[in-house]
Amino acid sequence: MRNNIHNRFYISVPADFNFWRTVYSHGWSSLKPFSVDKENQSLDRLLELNNNKLMYARINSSNSGKLRVDCQTKQTLNESEKEELVRQIKNCLRMGENFQEFYTIVKKDKEFSWVYDLKAGRLLRSPTVFEDIVKLICTTNCSWSLTEVMVNNLTTKLGKKFLLNEGAGISKELFSFPTPRAIASVDEKYLRSEIRAGYRAPYLLELAKRVESGEINLESWKNDQLSTGELFKMATSIKGVGPYAAGNLLKLLGHYDHLAIDSWCRTKYFEMHKAGRKVSDRSIEKFYSSYGKWRGLFFWMDVTKAWYKQKFPF
DNA sequence: GCGTCCAGGTCTACC
DNA sequence: GGTAGACCTGGACGC
């Protein structure tokens with residue numbers, strides 16, 4: 001077996017950044033190609049550079065406060081490739097986003113000051129907007145376990161393979177998230193039978209083809225100049241993306257003025273604020289309206305509050 | 001073992 | 001613009 005090239009480097013983090021609370025900010029860390037190694041307390045993932053080189057990264061929070069990144073590649077990385085790797089990691093962990101205004105509000109609010117104390121609030125995202133949208137479509141109208149099945153199938157059946165050296169001659173197969181081209185290259189029948197995407201199959205196929213053809217440039221959606229309204233309209237123009245998926249996508253793009261209420265959040269809200277009694281979505285919207293453009297993030301932090309009492313909430 | 005319900009919703013037809 | 005019904009899948013639950 002050919003040995004991989006090992007590299008270790010460190011990334012400085014913002015003062016208000018908490019690595020572990022970002023990893024466990026929502027369910028993305030348990031969807032492939034992300035994985036959490038609880039023993040090593042690391043976020044692991046196979047990344048793909050723009051030039052298609054694959055790279056395994058194990059990310060830990062080091063004693064110095066910096067992130068420690070241990071990576072494995074097949075070929076030596078040049079400086080620009082290392083820079084791209086760092087950019088991808090910072091992008092996933094939302095390290096370039098300014099949360100000063102959000103923290104100024106939460107630290108004055110007795111119900112939410114814990115968010116400031118824990119430096120919580122950053123929501124883990126994928127390296128590409130395409131991956132986030134595919135995963136969001138896979139969360140709709142199904143159990144979380146089925147979402148895991150669909151994403152796992154997409155990754156292992158349509159992603160690129162990488163052999164990770166685990167030492168003592170042992171290796172493990174890892175897969176990257178499939179590119180738009182890889183998904184566009186199969187048909188609806190395959191997505192139904194092999195990926196188990198069900199009625200979502202035509203949605204995934206259409207999205208992949210639109211991205212692959214250049215009809216839509218999803219990465220441009222990270223542009224700060226786009227308003228929430230514009231982004232919401234663009235997101236819901238994608239088949240399979242309704243108010244819930246669009247609202248959550250906007251949060252991953254740094255816009256927090258949609259609550260993105262789903263059945264899980266509804267139930268949590270009813271338990272926490274209404275002793276289990278059901279109320280309308282409009283009533284939930286009203287409850288968080290005073291938090292203005294940050295209300296979607298306040299809502300999410302509120303319904304996931306219990307997660308922050310544990311090192312490994314799931 | 002089998003049937004039913006529903007889960008981290010969305011689309012389309014119809015009014 | 002609002003609403004009902006259909007849509008894949010698979011786990012949980014009751015019988």
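Just so it is clear: chains get the letters A, B, ... in the order the sequence lines come, proteins before strands, and each one is counted from 1.
- Residue A:S263 is the one, among A:S263 and A:K239, whose nearest nucleotide of DNA chain B lies closer to the 5' end (criterion: closest heavy atom).
- Residue pairs that meet the ring pair (Phe, Tyr, Trp, His ring centres under 6.0 Å) test with at least one member in residues 187-223 of chain A, sequence neighbours left out, do not exist here.
- Between A:K82 and A:E79, at least one side-chain N (NZ, or NE/NH1/NH2) sits under 4.0 Å from a carboxylate O, which counts as a salt bridge.
- Of the C1' atoms belonging to C:dC7 and B:dA7, the separation is 14 Å, rounded to the nearest Å.
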| Given the rule that a pair is Watson-Crick or G-U wobble with both distances under 3.5 Å, how would you write DNA chain C in dot-bracket, using | for pairs to a different strand? | |||||||.|||||||
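- Other cluster members for A:M150: A:L146, A:V149, joined by side-chain heavy-atom distances under 4.5 Å among Ile, Leu, Val, Met, Phe, Trp and Tyr.
- Nucleotides B:dA13 and C:dC8 are separated by 15 Å at their P atoms, to the nearest Å.
- The gap from the C1' atom of C:dG11 to that of B:dT10 amounts to 22 Å, rounded to the nearest Å.
- Ring centroid separation for the pair A:Y308 and A:Y24 does not come in under the 6.0 Å cut-off.
- By the 30° and 60° cut-offs, the orientation of the rings of A:H26 relative to A:W300 is perpendicular.
- For the P atoms, the distance linking C:dC13 with B:dG8 amounts to 13 Å, nearest Å.
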All N/O pairs under 3.5 Å across the protein-nucleotides 10-14 of chain C interface:
unit_1	atom_1	unit_2	atom_2	d
C:dG10	OP1	A:R196	NE	3.3
C:dG10	OP2	A:R196	NH2	3.3

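- Annotation: cation-pi geometry not satisfied between A:K274 and A:Y269 (NZ/CZ under 6.0 angstrom from ring centroid, within 45° of ring axis).
- Nucleotides of DNA chain B with any atom under 4.0 Å from a heavy atom of chain A span, from 5' to 3', B:dA7 to B:dT12.
- Two residues are said to be in side-chain contact when any heavy atoms from C-beta on lie closer than 4.5 Å; A:I261 and A:F299 meet this criterion.
- A gap of 14 Å separates the P atoms of C:dA6 and B:dC5, to the nearest Å.
- A gap of 15 Å separates the P atoms of B:dC6 and C:dG5, to the nearest Å.
- In this pair, A:Y116 and A:Y103 present their aromatic rings perpendicular. The plane angle is above 60°, beyond the 30 to 60° band.
- Salt bridge A:K293/A:D257: absent, no basic N to carboxylate O contact under 4.0 Å.
- The base of C:dC8 is paired with the side chain of A:R200 by a donor and an acceptor separated by under 3.5 Å.
- Look at CG on A:L204: it is 14 Å from C1' on C:dC7, rounded to the nearest Å.
- Ring geometry, A:W294 versus A:F102: the interplanar angle falls from 30° to 60°, so the pair is classed tilted.
- For A:E173, the side chain to side chain contact (heavy atoms under 4.5 Å, CB included) partners are A:K161, A:L163, A:F175, not counting sequence neighbours.
- Within 4.0 Å (heavy atoms only), A:I238 reaches sugar-phosphate atoms of the nucleic acid but no base atom.
- Contact annotation for A:A201: no contact, since no heavy-atom pair falls under 4.0 Å across all strands.
- A:D302 and A:K268 are not joined by a salt bridge, as no carboxylate oxygen comes within less than 4.0 angstrom of a charged side-chain nitrogen.
- Using a 4.0 Å heavy-atom criterion, one finds that A:C265 contacts no nucleic acid atom at all.
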